[in-house]
2 protein chains.
Amino acid sequence: MARVTLKTIAIKTGYSITTVSRALAGYSDVSPATREKIVAVAEELGYYPNLTARQLQKQRTDTVGIILPTFGPRFADPYFSEIIAGIGDELAQQGYDLLISTCPPGPGELAAYRHKVEGGRVDGLIVIRTRRQDQRIAYLAQTSFPFVAFGRTDLDLDFPYIDEDGEAGSYELTRHLISLGHQRIGYISAPPDLMFAHFRLQGYRHALTDAKLPYDEQVVVYGDLTRRGGAQVARRLLSLTPRPTALIAANDLMALGAIAVAREAGLEIGRDLSIAGFDDIPPAEITSLTTLRQPIYEIGRRLSQMICALIRGQTLEQSHVLLKPKLLVRASSGPPLHT
Amino acid sequence: MARVTLKTIAIKTGYSITTVSRALAGYSDVSPATREKIVAVAEELGYYPNLTARQLQKQRTDTVGIILPTFGPRFADPYFSEIIAGIGDELAQQGYDLLISTCPPGPGELAAYRHKVEGGRVDGLIVIRTRRQDQRIAYLAQTSFPFVAFGRTDLDLDFPYIDEDGEAGSYELTRHLISLGHQRIGYISAPPDLMFAHFRLQGYRHALTDAKLPYDEQVVVYGDLTRRGGAQVARRLLSLTPRPTALIAANDLMALGAIAVAREAGLEIGRDLSIAGFDDIPPAEITSLTTLRQPIYEIGRRLSQMICALIRGQTLEQSHVLLKPKLLVRASSGPPLHT
DNA sequence: TGTCTCATCCAAAACGTTTTGGGCGTATAC
DNA sequence: GTATACGCCCAAAACGTTTTGGATGAGACA
């Protein structure tokens with residue numbers, strides 16, 4: 001049972017390959033009678049066009065790519081899955097496929113991007129979790145390949161992106177804790193080369209400064225964005241004297257790790273120690289974690305909309321989108337016990 | 001800046017396209033001297049092979065596909081993301097890409113599968129969340145296209161799969177609750193056409209029967225696998241008289257929904273009402289939910305290993321894998337209050 | 001009768017790669 | 001001096017599709 005191609009149909013019907021192709025594509029220069037015959041035979045033979053061949057000819061793949069910057073062996077971060085969900089759903093609706101690969105951040109990363117871009121594997125790319133000096137963005141911006149990013153960079157380049165206003169969010173959250181009476185607020189940052197880590201830390205700093213509170217490097221630590229990593233560095237913060245009365249983590253996962261550590265230490269969350277996170281992933285609600293909500297799923301959809309528009313050659317009416325995260329005050333934050 | 005192809009290099013170096021191709025591919029029938037020249041020029045011009053063309057010629061795509069059966073508009077189920085993480089990581093390691101699309105279950109689904117298979121879009125497929133009469137499996141089994149499934153079916157077909165022994169797990173969990181003293185155990189099932197729903201419900205039934213407890217249809221309800229759906233039907237169960245003293249949900253998400261409802265009703269989980277789930281997604285641990293753990297991430301990896309082997313034409317040493325889920329007893333289950 | 005239009009069809013080129021099946025020298029073996 | 005072998009190279013075919021640029025013949029119109 002060999003593959004049935006246009007040629008098969010052409011031979012069986014006696015028409016040329018051209019005519020068969022054009023009949024199936026619905027061109028008007030083939031008579032209704034022959035079209036019917038051809039369609040019938042195609043149906044009967046179970047013809048299905050070879051998409052690779054079509055891609056080669058049309059010079060487009062109807063596919064959008066994303067390369068997940070996985071640290072370690074896995075990307076099972078709810079943040080990734082939410083955004084992929086949004087991207088995938090919207091892409092499906094627009095008639096595109098999603099090609100996912102993974103590549104750890106580092107020197108090999110550029111090769112992965114070239115592979116996709118110059119290999120013509122996809123029509124456009126979505127870049128997530130941007131970094132301050134992001135080589136991926138630098139590379140893509142210098143080609144004219146369509147791409148959108150989730151996040152800004154420090155580079156002096158103009159490119160389409162969606163980003164949350166992490167600084168504003170972080171500022172608001174810190175102010176919230178300050179207004180509750182906290183004076184010594186620990187901060188669990190994300191790796192500092194990540195752009196969002198920078199913004200979120202900035203917001204925290206500015207809020208302290210504006211409240212005339214000192215910025216103490218001792219209470220600022222760096223975690224790897226995982227639950228376990230958050231727990232690790234939270235332990236360090238909790239052993240300081242005087243102990244911070246509140247902790248902010250740069251993402252919910254680390255905040256959850258901190259909560260686990262604090263509980264182990266016999267602290268009641270929201271009373272003995274306030275903890276807040278960032279993102280509002282599903283477990284956050286269950287744990288009553290005060291956090292900053294960003295609509296990750298929605299962002300995924302909008303990223304897809306943008307990349308599809310770019311691929312189609314349209315110009316974006318808005319190529320720089322900045323979303324304000326929403327502060328959700330839950331039980332994990334409360335006034336400090338006075339000493 | 002036009003695309004640089006083999007032809008570009010051929011013209012620039014004066015060699016033929018064939019020689020250029022073979023030089024870059026490392027064949028031994030081109031002299032080291034010319035190979036060097038060609039490689040140098042390729043490098044200089046920034047040559048990158050067109051993958052679509054290569055695919056067309058080689059008749060393979062080095063891509064594995066998966067079609068997510070999304071109910072409603074989104075697939076942000078932690079279960080999906082875990083398994084995709086496992087699949088993607090392993091695939092990347094084996095040198096394959098992952099092509100993801102989404103398609104709601106229903107009549108249009110087969111077309112999506114034909115699209116991938118007969119369009120030559122991918123070299124193999126992974127099918128997840130199998131159904132009792134699974135048309136996708138029926139279709140794929142009848143072609144000789146490589147695929148593996150996560151889950152069995154009721155169809156009389158032989159195909160490679162990995163599955164958890166949901167019946168055994170569910171049996172063990174139900175026995176656990178019975179041994180704690182529960183007599184009236186509510187069950188929140190998944191949609192009954194899903195194969196795993198069937199097995200899990202079976203385990204519950206058998207455990208009751210073996211303990212000489214009645215199987216009461218009144219306490220068996222059906223949810224849509226989401227948190228909200230679980231909450232909805234849990235409300236129904238909690239309004240029954242006599243009220244069940246324990247609830248089992250066919251997945252953790254619904255169990256979490258049930259917990260929320262029970263708390264609203266002023267019940268203390270693990271004391272006034274025991275609740276157990278299935279899957280052990282990350283929030284389960286945080287919520288101290290008694291559940292059955294299945295290593296979803298690992299299953300994803302193994303699925304990938306199997307499909308890669310099949311694509312390479314190897315025969316699987318084990319084409320039917322059945323994994324026993326592990327019972328994790330946490331604080332959400334305890335003995336009933338005696339009345 | 002000759003020209004023009006129009007409907008219908010098709011051969012060939014193109015997309016960029018790999019593979020097939022040699023060709024052409026030069027060196028080795030007899 | 002003639003076979004044989006081998007190192008190096010290449011033209012052409014192939015993968016399956018779409019597009020380009022006509023070709024053909026019938027009917028309309030002068």
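Naming: A, B, ... by sequence-line order, numbering from 1 per chain. These values consider heavy atoms only, across backbone and side chains, with no hydrogens, waters or symmetry-generated copies. Everything quoted here is computed from the prediction, not taken from an experiment.
- You'll find a donor-acceptor pair under 3.5 Å spanning the side chain of A/Thr18 and the base of C/dA11, going by distance alone.
- Taking a cutoff of 4.0 Å between a charged side-chain nitrogen and a carboxylate oxygen, A/Arg60 and A/Asp62 qualify as a salt bridge.
- A/Ile38 contributes atom CD1, which lies 6.0 Å from atom OG1 of A/Thr19 (distance to the nearest 0.5 angstrom).
- Across residues 34-58 of chain B, B/Thr34, B/Leu56, B/Gln57 each have a non-hydrogen atom less than 4.0 Å from an atom of DNA chain D (numbered order).
- The main-chain N or O of A/Ile128 is found under 3.5 Å from a side-chain atom of A/Arg136 such that the two form a donor-acceptor pair.
- Side-chain contact check for A/Asp163 and A/His320: no donor-acceptor pair (N or O, by modelled atom type) lies under 3.5 Å.
- Checked options B/Thr61, B/Thr52, B/Asp97; the residue passing with A/Arg121 is B/Asp97 (criterion: side chain to side chain donor-acceptor pair (under 3.5 Å)).
- Comparing B/Ser31 and B/Gln59 against DNA chain D, the residue whose closest nucleotide sits nearer the 5' end is B/Ser31.
- Aromatic ring centroids of A/Phe145 and A/Phe147 lie 6.0 Å or more apart.
- A/Arg301 CZ to A/Ile87 CD1: the interatomic distance, rounded to the nearest 0.5 Å, is 12.0 Å.
- Between A/Asp29 and A/Arg22 there is a salt bridge, since a side-chain N of the basic residue sits under 4.0 Å from a carboxylate O of the acidic one.
- Protein chain B contacts DNA chain D over a range whose 5' and 3' limits, counting nucleotides with an atom under 4.0 angstrom from a non-hydrogen atom, are D/dC8 to D/dG16.
- A heavy atom lying under 4.0 Å from DNA chain D marks the following residues of residues 4-14 of chain A, by number: A/Thr5, A/Leu6.
- Counting all heavy atoms, side chain and backbone alike, A/Arg114 lies closest to B/Tyr48 at NH2-CD1, 3.8 Å.
- Side chain to side chain, B/Asp123 and B/Tyr96 fail the donor-acceptor criterion of an N or O pair below 3.5 Å.
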